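Quick notes on the structure that follows.
All figures in this text were calculated on a predicted structure; none of them were measured in a lab.
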Amino acid sequence: MKLEFYNSLTRKKEEFTPLKKGVVGIYVCGPTVYGHAHLGHAKSYVSFDIVVRYLRYLGYGVTYIQNITDVGHLTDDADEGEDKLVVAAKKEKKHPMALAEIYTRSYFEDMDMLGCVRPDISPRASGHIIEQIELVKTLLEKGYAYEANGSVYFDVSKFKDYGKLSGRNVEEMLAGVRVAVSPDKKASVDFALWKKAEPNHIMQWSSPWGMGYPGWHLECSVMSMKYLGETIDIHGGGIENKFPHHECEIAQSEAANGVQFVRYWLHNNMVTVDGQKMGKSLNNFINLKQAFSGVHEKLTRGYDPLAVRQLILNSHYRSPLDFSDAALFAAQSGYEKITSTVIAVRENAKSAPEGEVSKEAAKELEQLKEKFEAAMNDDLNTAVALSVIFELVRFANGLLEDSGTTAGVFNAVDDLFSSLGGDVLGVVKDEYIEVGGASDELIDGLVKGFIKQRNEARSNKDFARADAIRDELDGIGIVLEDKPEGTVWRRK
RNA sequence: GGCGGCGUGGCCAAGUGGACUAAGGCGACGGUUUGCAAAACCGUUAUUCAUGGGUUCGAAUCCCAUCGCCGCCUCCA
């Protein structure tokens, strides 16, 4: 089976073929950096991280572009309202660009924690004002836009395909207008390409139409065009951006270039928290730093970033995902199960008897790999792909109990964990340095001292003392496990 | 009000006309193992897929109605 994506544009699953053989250009709408990234960002960017990782796994050369929106958009569409970056900047008493810098760094930090590969280019909207002005000029020259009172608007009536992505009908939209129409616009559906700035507006640039700033949809058109060309293979983003944002991107880009803008539109669904929409006023707004640290009244503990990632992968990217403390807890347990098995496999690979992979093991691993790829090829069904990883865990644990398992088998199992669980899903790490690593030498020495004392107590049948030592260590987050080959410790 | 989507075991979630008497994870319970645990392994845990009708030889999957939730129609991943 070939790789298929559900294309929002055609509303069906389609086999994926890139425009140019072997290479893929993908553009994903990035964050507006006026606050820390939250669970919704995590779902979106982990989802597209999987797209990039899987395409690379399949051997494509992928160019991954994800913008950073550091020019705030208006807080409403009635030509009123304030730039939301500016609003946040005032509140924190910082220059908007300083604020953008703070939250851009915070964003990358959180995405690194979640194991998302960095985009090849993270273009800033503020760094592409010239290109944006050029696009507006082109649209004016071609008659798709008009200037009014220092602002420039896109004339939707000139672009026949408007509405093709979101399934909206321009006449119906005109009939059902709820927002007050700006006096400068010819029609309520027209959208701003360039906005005139009031003198006190902090972020403004000079243009042929006077001082102003770019409209909200322009940057994505401009930056995808600049780095990926006029027609790009994949454009990703949140489903809430289908309209108006992506619809407007199509209009601007296709009007300017006269060619198809995006071949495959991929949209991820939203998150809820405890079954409710996540909102600042609902007190269920959880950002990633809170999820990782557990400092939030909805959370009973902090969660491993990769456990958060695993929870996201446990459902389909086009399905809504409900975050709750219980769901995170379950994901954490499952993540730890995978982790401990991978570590055990790698340790055993070093001490196991020499030997090649057995035919039976090789066959089993091949079947798991095929099942995994079939799931991923079906519009990235990570939930099923993850279940294959759990099948591999069970298979591996069976091998671990068999003292006859050879190093060759363990290495083959590790290879599959590393490629499917690591390279593709990103929930298996290359190295686990938390336990027994150089940074842990002191702790390791101390814990081993306690283990020695406890085992002396055990051999003297002084189980009360033995259990007391174990409980004491458990209280500070260290778990002891008595294995046939001796007692080992790990962090909780 | 208009448009789109969803509702599967105690919880999360895949499956979207016949191989479903419904994956996988978490939790719970029983067993193996253990001094007892932990971890691991084995087994049990939905005759049923929001509710009520209908189509079909056959429906979780299609249609209609009802209830609930989510998204878009104003920036938002």
Pair A/D379-A/R318, salt bridge (charged side-chain N to carboxylate O under 4.0 Å, His left out): steps then yes or no = CA-CA 9 Å; A/D379 194 30; A/R318 283 190 291 113; 2.7 Å; yes
What's [X] touching, base or sugar-phosphate or nothing? Going by heavy atoms closer than 4.0 Å.
X      : value
A/G40  : base
A/T341 : nothing
A/H316 : sugar-phosphate
A/V488 : nothing

According to a strict under-4.0 Å criterion, is [X] in side-chain N/O contact with OP1 or OP2 of [N]?
X      : N     : answer
A/S315 : B/C12 : no
A/N269 : B/C6  : no
A/N397 : B/C41 : yes

Could you pull out the protein-nucleic contacts involving nucleotides 44-46 of chain B (nitrogen or oxygen on both sides, under 3.5 Å)?
none

inquiry  = So, using salt bridge (Lys or Arg N to Asp or Glu O under 4.0 Å) as the criterion, who are the partners of A/K160 when residues are at least two apart?
reply    =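 For A/K160, no residue satisfies salt bridge (Lys or Arg N to Asp or Glu O under 4.0 Å) once neighbours in sequence are set aside.
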key: Sequence-distant partners of A/D482, salt bridge (Lys or Arg N to Asp or Glu O under 4.0 Å), two or more places apart   =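 Per chain and number, A/D482 pairs via salt bridge (Lys or Arg N to Asp or Glu O under 4.0 Å) with A/R454, A/R458.
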query = Atom OH of A/Y45 and atom CD of A/Q66: how far apart are they, to the nearest 0.5 Å?
reply =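 Result: 5.0 Å between the selected atoms.
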message = So, taking the atom named CG in A/D474 and the one named CG in A/D467, what distance separates them when rounded to the nearest 0.5 Å?
response =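 It is 11.5 Å, given to the nearest 0.5 Å.
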Atom [atom1] of [X] to atom [atom2] of [N]: distance rounded to whole Å?
X      : N     : atom1 : atom2 : result
A/K164 : B/G4  : NZ    : P     : 20 Å
A/D379 : B/G15 : CG    : C1'   : 14 Å
A/R11  : B/C72 : CZ    : C1'   : 13 Å
A/I343 : B/A40 : CD1   : P     : 13 Å
A/N284 : B/C69 : CG    : P     : 15 Å
A/F243 : B/C72 : CZ    : P     : 12 Å
A/Y162 : B/C72 : OH    : C1'   : 12 Å
A/H267 : B/C76 : NE2   : C1'   : 14 Å

ask   = Between the side chains of A/T272 and A/D322, is a donor N or O closer than 3.5 angstrom to an acceptor N or O?
value =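 Present: a donor and an acceptor within the cut-off.
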task = Classify the side-chain pair A/K369/A/S419 by whether it contains a donor and acceptor separated by less than 3.5 Å.
result =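 Side-chain D/A pair, A/K369 to A/S419: absent.
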What interatomic distance, in whole Å, is found between [atom1] of [M] and the corresponding atom of [N]?
N     : M     : atom1 : answer
B/A23 : B/A14 : C1'   : 6 Å
B/C3  : B/A65 : P     : 12 Å
B/U45 : B/G10 : P     : 13 Å
B/A60 : B/U21 : P     : 8 Å
B/C72 : B/C29 : C1'   : 46 Å
B/A19 : B/A59 : C1'   : 16 Å
B/C12 : B/G53 : C1'   : 31 Å
B/G24 : B/G5  : C1'   : 24 Å

message = Heavy-atom nearest nucleotide on RNA chain B for A/L39 versus A/F395: which residue maps closer to 5'?
response =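 Nearest nucleotide further toward 5': that of A/F395.
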query = Between A/V271 and A/L321, which has a closest nucleotide on RNA chain B that is more 5'?
reply =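 The answer here is A/L321.
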Would you say that more than 12 heavy atoms from the other residues, nucleotides or ligands in this model lie under 6.0 Å from the [atom1] of [X], or not?
X      : atom1 : result
A/F5   : CZ    : yes
A/F450 : CZ    : no
A/E481 : CD    : yes

key: Intermediate values then yes/no, salt bridge (charged side-chain N to carboxylate O under 4.0 Å, His left out), A/K298 and A/D325   = CA-CA 7 Å; A/K298 291 270 180 196; A/D325 189 62; over 6 Å; no
request  = Go through the steps to decide whether A/R124 and A/D70 satisfy the test salt bridge (charged side-chain N to carboxylate O under 4.0 Å, His left out), and finish with yes or no.
outcome  = CA-CA 6 Å; A/R124 272 70 166 173; A/D70 57 358; 5.2 Å; no
query = Under 6.0 Å between the ring centres of A/Y264 and A/H235?
reply =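 Between A/H235 and A/Y264, which both carry aromatic rings, the centre distance is not below 6.0 Å.
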key: With A/V393 via side chain to side chain contact (heavy atoms under 4.5 Å, CB included) - residues at least two apart   =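 A/V393: side chain to side chain contact (heavy atoms under 4.5 Å, CB included) contacts with A/K337, A/I338, A/T341, A/N397, A/F417.
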task = Give the B/S/- string for nucleotides 19-38 of chain B, one per nucleotide from 5' to 3', where a protein heavy atom under 4.0 Å of the base yields B, of only the sugar-phosphate yields S, and otherwise -.
result = ----BBSSS-------BBBB
task = Quick one: the dot-bracket string of RNA chain B, using Watson-Crick and G-U wobble pairs with both distances under 3.5 Å, [ ] for crossing pairs and | for bases paired to another strand.
result = ((((((((.[[[..)..(.....]]]((((((.......))))))....[[[[[..)....]]]]])))))))....
